[in-house]
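Predicted model, so just to flag it, every value in this text is computed and none were measured. In what follows, chains are A, B, ... by sequence order, proteins preceding strands, each numbered from 1.
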There are 2 protein chains.
Amino acid sequence: MELIIQNIEKIVSLSEQEKELILSKIEIRKYKAKTVLLNDGEVSKYSYFVNSGILRSFNINDNIAEHVLHFACEGWWIGDMYSLLSQKPGNLFIEVNEEAEVVLLSKENQEELYLRIPKLERFFRILTENSLVAHQERLMDNLSLSAEERFEKFCSKYPTLIQRVPQKQIASYIGVTPEFFSKMKAKMLKK
Amino acid sequence: MELIIQNIEKIVSLSEQEKELILSKIEIRKYKAKTVLLNDGEVSKYSYFVNSGILRSFNINDNIAEHVLHFACEGWWIGDMYSLLSQKPGNLFIEVNEEAEVVLLSKENQEELYLRIPKLERFFRILTENSLVAHQERLMDNLSLSAEERFEKFCSKYPTLIQRVPQKQIASYIGVTPEFFSKMKAKMLKK
DNA sequence: AAGAGCACTTAACCTAGATTAAGAAATTAT
DNA sequence: ATAATTTCTTAATCTAGGTTAAGTGCTCTT
């Protein structure tokens, strides 16, 4: 059974026809690692749902530093919300971190689904609410915790990611340089 | 005409009956400056919409540092999303910054309204989406901009707030100490 | 109007984390 | 396999922003 249907049914229940309608409105694609799904400066057309593998979203500051906004592995949604909603060029990249199977839901299809299956409004409202809560927490953590504490939180929240993504991307996610991260990790191991 | 109805009608249109139903489900209260609407450790019952005045949400770290999550003035929503959604004790305070008239919408009434006026699902979905985009941008700004740049962005985004809230709260919002903020401001004025 | 608290400033000193640079280890491509 | 590229580590040095502390002005009280 499609993972995306299970994901939706965690929040709203669906009839067989509704499931089929949803499945008819999505595309499933496979990508190799390092494939770029969305470039900085492009207008985003899709929401992405990860069936397998890992994607990440990030921006690049002054052509120098990369800042990871989000990782998404199996069962997670990812996208450039700003660009998708405003239909203006965004400043996020979305890239395949690890060979992935991805469900693509276009903005038009998403809106058509809202009209034909109104309870999907509820599903995406709740999904967005949960994401907002997570972002608020991360924001407050960045204001009030040390790098070490942020890393510990990251580890307990995303234990599976630690082994699967390059350490410099974790450094970027928690907001430190790879060099400092390496030093910090060595220091933490001594304890 | 009630500001909250105008606010909703910016996104979805309402019949007269729907407007009346909404108005029957809200409470309007006036508060003096420094009134605490929600305490750290409490379970949040309400979403708040500001008719006039200013509210702010913040947490307190180790009984020492206050970190401002959000300001809300006329026409803005504010709340402790985490606590409201999970119905668990939150870690935010919500306090009146400046004498305010506030619309209170209880969680139960909000859910009843979702059932009786399904397009409110759409309204709150879009409201939450916009809030998420703003939080993502602020998060990325905190990772990639200097304190000075964050302050400039704050000024251009919330020009009216600058005169109306204590400077130490702006310092907290952008993520620096009041002492550093003061020094930085003096330096910026020299230019 | 006198005092008590806050909010702001200034300045000296301190530190978490950044930067630069160079080498070691691990991946990836050929 | 070997070369090329990328990731990770270590270490020296630097800096944005924190801390502490003292002083100045507010704005509430009463």
| query | For A:Glu149, which residues count as a side-chain hydrogen bond (donor to acceptor under 3.5 Å, both in side chains) partner, sequence neighbours excluded? | reply | A:Ser146
| message | For the NZ atom on B:Lys168, are there more than 12 heavy atoms of other groups (residues, nucleotides or ligands in this structure) within a distance under 6.0 Å? | response | no
| When you check the side-chain N and O atoms of A:Asn61 and A:Glu66, is any donor under 3.5 Å from an acceptor? | no
| said: Please tell me whether B:Trp76 and B:Asn7 have a donor and an acceptor in their side chains that are separated by less than 3.5 angstrom. | reply: no
| field | Close approaches to DNA chain D from residues 91-100 of chain A, in residue order (heavy atom, under 4.0 Å) | value | none
| Nearest-Å distance for atom pair CE/P, residues A:Met188 and C:dG17 | 11 Å
| query | Taking atom types as modelled, is there a side-chain donor on B:Glu95 or B:Thr35 under 3.5 Å from an acceptor on the other? | reply | no
Detail all sub-3.5 Å separations between protein N/O atoms and N/O atoms belonging to nucleotides 25-30 of chain D.
none

| request: Only counting residues at least two apart or in another chain, list the ones meeting side-chain contact (heavy atoms from CB on, under 4.5 Å) with A:Ile8. | output: A:Ile4, A:Val12, A:Leu14, A:Ile22, A:Leu120, A:Phe123
Review item, side-chain donor-acceptor pairs of residues 178-190 of chain A, under 3.5 Å, at least two apart:
{"from": "A:Lys185", "atom 1": "NZ", "to": "A:Gln167", "atom 2": "OE1", "distance (Å)": "2.8"}
{"from": "A:Lys187", "atom 1": "NZ", "to": "A:Glu148", "atom 2": "OE1", "distance (Å)": "3.4"}

| message | Output the rounded distance in Å from CD1 (A:Ile174) to P (C:dA16). | response | 15 Å
| note | 5' to 3', nucleotides 4-19 of chain D under a 4.0 Å protein heavy-atom cut-off (B base, S sugar-phosphate only, - none) gives ---SSBB------BBB
| note | Residue set satisfying side-chain contact (heavy atoms from CB on, under 4.5 Å) with B:Pro118, at least two apart, ordered chain then number -> none
| query | Does the ring of A:Phe58 carry A:Arg56 above it, NZ/CZ under 6.0 angstrom from centre and within 45° of its axis? | reply | yes
| message | Roughly what angle, to 10°, lies between the helix axis at the start of the helix from C:dA1-D:dT30 to C:dT30-D:dA1 and the one at its end, five pairs per end? | response | 60°
| Results of side-chain hydrogen bond (donor to acceptor under 3.5 Å, both in side chains) for B:Lys30 - residues two or more places apart only | none
| field | Remaining members of hydrophobic cluster (4.5 Å side-chain criterion), B:Leu38 | value | B:Tyr31, B:Leu37, B:Tyr46, B:Tyr48, B:Val50, B:Leu55, B:Ile78, B:Ile94, B:Val96, B:Val102, B:Leu104
| message | Can you list everything that forms a side-chain hydrogen bond (donor to acceptor under 3.5 Å, both in side chains) with A:Arg138? Sequence neighbours excluded, please. | response | none
| message | Holding to side-chain hydrogen bond (donor to acceptor under 3.5 Å, both in side chains), I want the full list of residues that pass it with A:Arg150, two or more places apart in sequence or in another chain. | response | none
